[in-house]
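Input: one structure, supplied below.
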Amino acid sequence: MNLKQIKSSTIALLVAGVLILSVGTYTTNGGFQLAGGLVLLVAIILAISQASNRTDTGE
């Protein structure tokens, strides 16, 4: 697992998900909480996929 392979767009999705989730929690808006949770879930799945992707075959 190489964290340097995570793209900047995935990190931006993580930040956006945290922001949406925190706004939903602050305002007690269930729709924002659900949307933030879903964005975070997708971003975490993408980050894990990108970090575990083996592009080098020089072993």
Side-chain angles (χ1 to χ4, degrees):
M1 186 169 271
N2 189 4
L3 296 179
K4 291 182 180 179
Q5 291 180 347
I6 298 175
K7 297 180 181 178
S8 61
S9 59
T10 305
I11 295 172
L13 267 178
L14 284 166
V15 171
V18 168
L19 182 64
I20 294 170
L21 185 62
S22 63
V23 167
T25 302
Y26 180 74
T27 60
T28 64
N29 188 337
F32 270 82
Q33 290 175 344
L34 179 64
L38 288 174
V39 170
L40 270 177
L41 180 67
V42 169
I44 289 171
I45 291 172
L46 268 173
I48 291 172
S49 172
Q50 289 172 0
S52 65
N53 191 12
R54 304 263 178 172
T55 57
D56 55 14
T57 57
E59 294 184 64

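These numbers come from a predicted model, not from an experiment.
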inquiry  = I need the full list of side-chain hydrogen bond (donor to acceptor under 3.5 Å, both in side chains) pairs touching residues 37-48, with sequence neighbours left out, sorted by first then second residue.
reply    = none
task = Could you list all the side-chain hydrogen bond (donor to acceptor under 3.5 Å, both in side chains) pairs where at least one residue sits in residues 13-28, not counting sequence neighbours?
result = none
query = In the hydrophobic clustering (ILVMFWY, side-chain contacts below 4.5 Å, transitive), which residues join Leu38, or is it alone?
reply = Leu34
query = For Leu41, which fellow cluster members are found when Ile, Leu, Val, Met, Phe, Trp and Tyr are connected by side-chain heavy-atom distances below 4.5 angstrom, either directly or through intermediates?
reply = Ile45
Distance-minimising heavy-atom pair for Ala51 and Leu3 = CB-CD2, 4.4 Å
query = Nearest 0.5 Å, what's the CD1-CG distance between Ile20 and Asn29?
reply = 11.5 Å
query = Who passes side chain to side chain donor-acceptor pair (under 3.5 Å) against Gln50, sequence neighbours left out?
reply = Thr10
key: Connected-component partners of Ile44 among ILVMFWY, side-chain separation under 4.5 Å   = Met1, Leu14, Val18, Leu21, Leu40, Ile48
